[in-house]
Amino acid sequence: MAENGDDLSRRIASLLTILNCLLLCLGDTGGPILLRLYFVHGGHRQWLSSFLETAGFPLLLIPLSVSYLHRRRSNPSAPFIHLNNRLLIASAIIGILTGLDDFLYAYGLDFLPVSTAIVLTATHLGFTAFFAFLIVRQRFTPFSINAIALLTVGAVVLALHANGDRPDGVSAAGYWKGFVLTIGAAALYGLVLPLVELAYAKAERVVSYTLVIEMQFVMGFFSTAFCIVGMIVNKDFQAIGGEAERYGLGERKYYLVLVWCAVFWQFFFVGAVGVIFCVNTLLAAVIIASLIPVIEVLGVVFLHEKFSGEKAVALILSLWGLASYSYGEYRQRKDESGGRHFPSEAVELVPPADRRAAMEIQSTNKLISHHHSAPPPPPPPLTRHAKLLLTILNCLLLSVGSSGGPIFLRIYYLHGGRRIWLTSFLETAGFPLLLIPLSISYLHRRRSNPSTPLLHLTPRILLASSVLGVITGLDDFLYAYGLNFLPVSTSSVLVASQLAFTAIFAFLIVRQKFTPFSVNAVALLTIGAVLLALHTSGDRPAGVTAAGYWKGFVLTIGAAALYGLFLPLVELTYDKAGRAAVTYTLVMEMQLVFGFFATGFCAVGMIVNKDFQAIPREAAEYGLGETKYYLVIIAAAIFWQCFFLGAIGVISCVNTLLAGIIIAVFIPVIEVLAFIFLHENFSSEKGVALLLSLWGLASYSYGEYRQVQEKKELQRAPALSTV
């Protein structure tokens, strides 16, 4: 009998959960659509529409009555209500704030498409996190910060394209009024939720489902009363009859819209409270987030609203932000319940880069199996002062090369250069400069060991480096060819997407696991590239056709993808190297071989394409003059090699993370330099794409930092256990 009773209880709980999920789905989609339907066909009473959002609160008497009768069965003296005076006052105040919030939302929806309003309303999550920090001392997490940033950027994307999204009959001023009012409603709702949580914390009693419904009833009552006062002042009751007669769908349907609007909004409130109680807040958030695109589709189908590419990007950003927040809540609950904390579990990936990411990631201090003979004794360590100077020098080289290389290549094209293989050649033609640090390294080793070998390369590494060098040459060609058609400010943002390809190929080739931070970075860099793709016409340089621009776009993405393949192959080479350790010297030797074969590959292309014969003629016809032509191509080769030298040096002297940060910081520097010296357009879309790229790079860098910290903690744990 007990088992049958348990089965019955589980079935009832399951049915109640399904019912509440259904109510939440109906209310979340139907409420906004019906409210917008009221406005679209001639309704203009803001206080009336605000009233509709909570006017269905008497429906809560049904579950409250069922709950009371259920309690009376087991306890005839059960109290009629659970609310005490403190909770009653708190619920009344929160109800008035909810009424004001309803007014702001309804007033804003008079001017905005529902597909826009729903994306803007999603920003309440950011305000909730902010006010929760101030009111209930809820700490920010990387996931909540990420969600706030993405929701904010999504709202900015919509704001930048207000003209293309404005409904018929709404002025620009009216649209902006609706935009601000909806953001204000989201902010106020973000304040209400922490206040509710504070009321629960001060309740001095167990917070049950019945208590929550009672509070919702009181909030609905005072919210509705607040709106009724507004209706009286605004004379809405007297105007309803006339508005019904003039309503576009007819008088009967006018009243049906009002009634069902109130019903659907109450479905939303009842369903949300029920899902939170039966399961958890996370499921309610997931359902609401998953219904955002459903509302978008319903707005397009039934209200004939426009659905632009920008709105799609804003929608994706909002959904990704909600997913980030939900995952953070899941992780937090997992930790609080005593679940295992999941480390990043990913081997260090390639640092984010503008062009050629800091070359050999995970090269330094990576142990590999001993092969033929014992390694030579290590050279004497550098003094602290010498290491500091070397670090500063490498940071300077990386900064100069990261910004100067792309700029000089673009200058070559802008003033009449058209030899693609030549520009590819320039990216690695400065490889002989590597002989300088290699010679210094050799002489430094000779001091401590006169019999030290000239080279550390084995035949296996030499062969692998040769193949990788040819791949590098092909990658140089794709990048240089793409830059012939694109502004450097656009190219630098697109090339940053190599991080996404690196993560994918690293997973396939070296079985490197994804982390939440790397997945977030991949998503943001992809969205940034999509946003640029949606606005090709406004970003096209003079003299470049639409077909040419798209060719450059695809070539640059191809270059990013190929480099994303290249870097895991380098790591695989280290794993198969058969040496005791991968040192800074070995990495430079490999880079020398890369450069030699990449340059050789491009030189073959130049011979086939007769670039060597064409150089003098091109120099004579160059827009800046013959002398400056040669200065530009020499400077381009030197700056690119400065980038390679600096990247390797920073990794060796400090770590991969610093190299990634420097490269990321210089992406906006490249944008500014291109704007000043090359007079490129810097559109708002490019600014948003840049922000997304930088945020994605920051996410990845933070993930790398977290991984390093976790490794240190794991290393300290055995030491502490032996004490």
Side-chain angles (χ1 to χ4, degrees), residues 16-17 19-28 30-31 35 47-73 75 78-103 105-106 185 188-189 191-231 258-279 281 284 288:
L16 189 60
T17 301
L19 176 62
N20 282 304
C21 288
L22 182 61
L23 289 174
L24 178 57
C25 293
L26 289 173
D28 192 44
L35 198 58
W47 282 109
L48 170 61
S49 54
S50 312
F51 165 86
L52 297 175
E53 293 182 51
T54 52
F57 75 93
L59 292 174
L60 291 172
L61 291 172
I62 299 172
L64 284 174
S65 300
V66 173
S67 174
Y68 175 70
L69 293 174
H70 182 69
R71 294 197 311 273
R72 288 278 292 180
R73 284 185 184 178
N75 182 13
F80 183 67
I81 59 173
H82 288 71
L83 284 174
N84 56 26
N85 292 334
R86 176 180 292 183
L87 282 176
L88 182 62
I89 294 172
S91 300
I93 295 172
I94 294 172
I96 293 172
L97 290 176
T98 302
L100 178 58
D101 182 62
D102 292 342
F103 174 74
Y105 175 75
L188 188 55
Y189 191 63
L191 172 63
V192 165
L193 291 176
L195 289 177
V196 172
E197 185 176 347
L198 182 64
Y200 290 160
K202 304 292 184 181
E204 298 180 349
R205 60 181 57 200
V206 176
V207 179
S208 62
Y209 179 54
T210 302
L211 180 63
V212 171
I213 292 290
E214 288 177 0
M215 289 182 65
Q216 182 64 44
F217 182 86
V218 175
M219 287 189 281
F221 174 82
F222 279 91
S223 174
T224 306
F226 177 83
C227 295
I228 287 175
V229 172
M231 290 177 68
L258 296 187
V259 171
W260 281 109
C261 186
V263 171
F264 271 89
W265 274 115
Q266 208 56 44
F267 282 171
F268 171 79
F269 292 127
V270 173
V273 171
V275 170
I276 291 170
F277 178 79
C278 293
V279 189
T281 307
I288 292 170

Sole residue of Thr17, Leu19, Leu24, Leu23 in side chain to side chain contact (heavy atoms under 4.5 Å, CB included) with Cys21
Thr17
Spacing of OG1 belonging to Thr98 relative to CG belonging to Leu191, to within rounding of 0.5 Å:
10.0 Å
Under the side-chain contact (heavy atoms from CB on, under 4.5 Å) test, which residues partner Leu100, sequence neighbours left out?
Leu188, Phe226
Looking at OH of Tyr105 and OG of Ser49, how far apart are the two atoms once the value is rounded to the nearest 0.5 Å?
10.5 Å
For Met219 and Ser91, work out which heavy atoms get closest and say how close.
CG-O, 3.3 Å
Residue pairs fulfilling side-chain hydrogen bond (donor to acceptor under 3.5 Å, both in side chains) with at least one residue in residues 60-71, sequence neighbours excluded
Ser67-Arg71, Ser67-Thr210
Atom pair CD1/CG of Ile89 and Asn84 - distance to nearest 0.5 Å:
9.0 Å
Taking every heavy atom of Cys261 against every heavy atom of Gly31, the minimum-distance pair comes out as SG-O, 4.2 Å
About how many Å separate CD of Glu214 and CG of Leu64, when rounded to the nearest 0.5 Å?
6.0 Å
Pairs meeting criterion salt bridge (Lys or Arg N to Asp or Glu O under 4.0 Å) with involvement of residues 83-101, two or more places apart:
Arg86-Glu204
From Leu211 CG over to Leu87 CG, what is the distance, rounded to the nearest 0.5 angstrom?
5.5 Å
Report the residues that fulfil side-chain contact (heavy atoms from CB on, under 4.5 Å) with Leu88, sequence neighbours left out, ordered by chain and then residue number.
Leu83, Val218
So, do Glu53 and Leu35 sit near enough that their side-chain heavy atoms are less than 4.5 Å apart?
yes
Once side-chain hydrogen bond (donor to acceptor under 3.5 Å, both in side chains) is applied, what residue pairs with a partner in residues 217-230 remain, sequence neighbours excluded?
Thr54-Ser223, Thr54-Thr224, Asp102-Ser223
Can you sort out the partners of Leu198 under side-chain contact (heavy atoms from CB on, under 4.5 Å), two or more places apart, ordered by chain and number?
Ile135, Val136, Lys202
side-chain hydrogen bond (donor to acceptor under 3.5 Å, both in side chains): pairs with one or both residues in residues 262-273, sequence neighbours excluded
none
Which atom pairs, one a donor and one an acceptor, fall under 3.5 Å between side chains of residues 267-278 and the rest of the protein, sequence neighbours left out?
none

So, using ring-ring contact (aromatic ring centres under 6.0 Å, His included) as the criterion, who are the partners of Phe222 when residues are at least two apart?
none
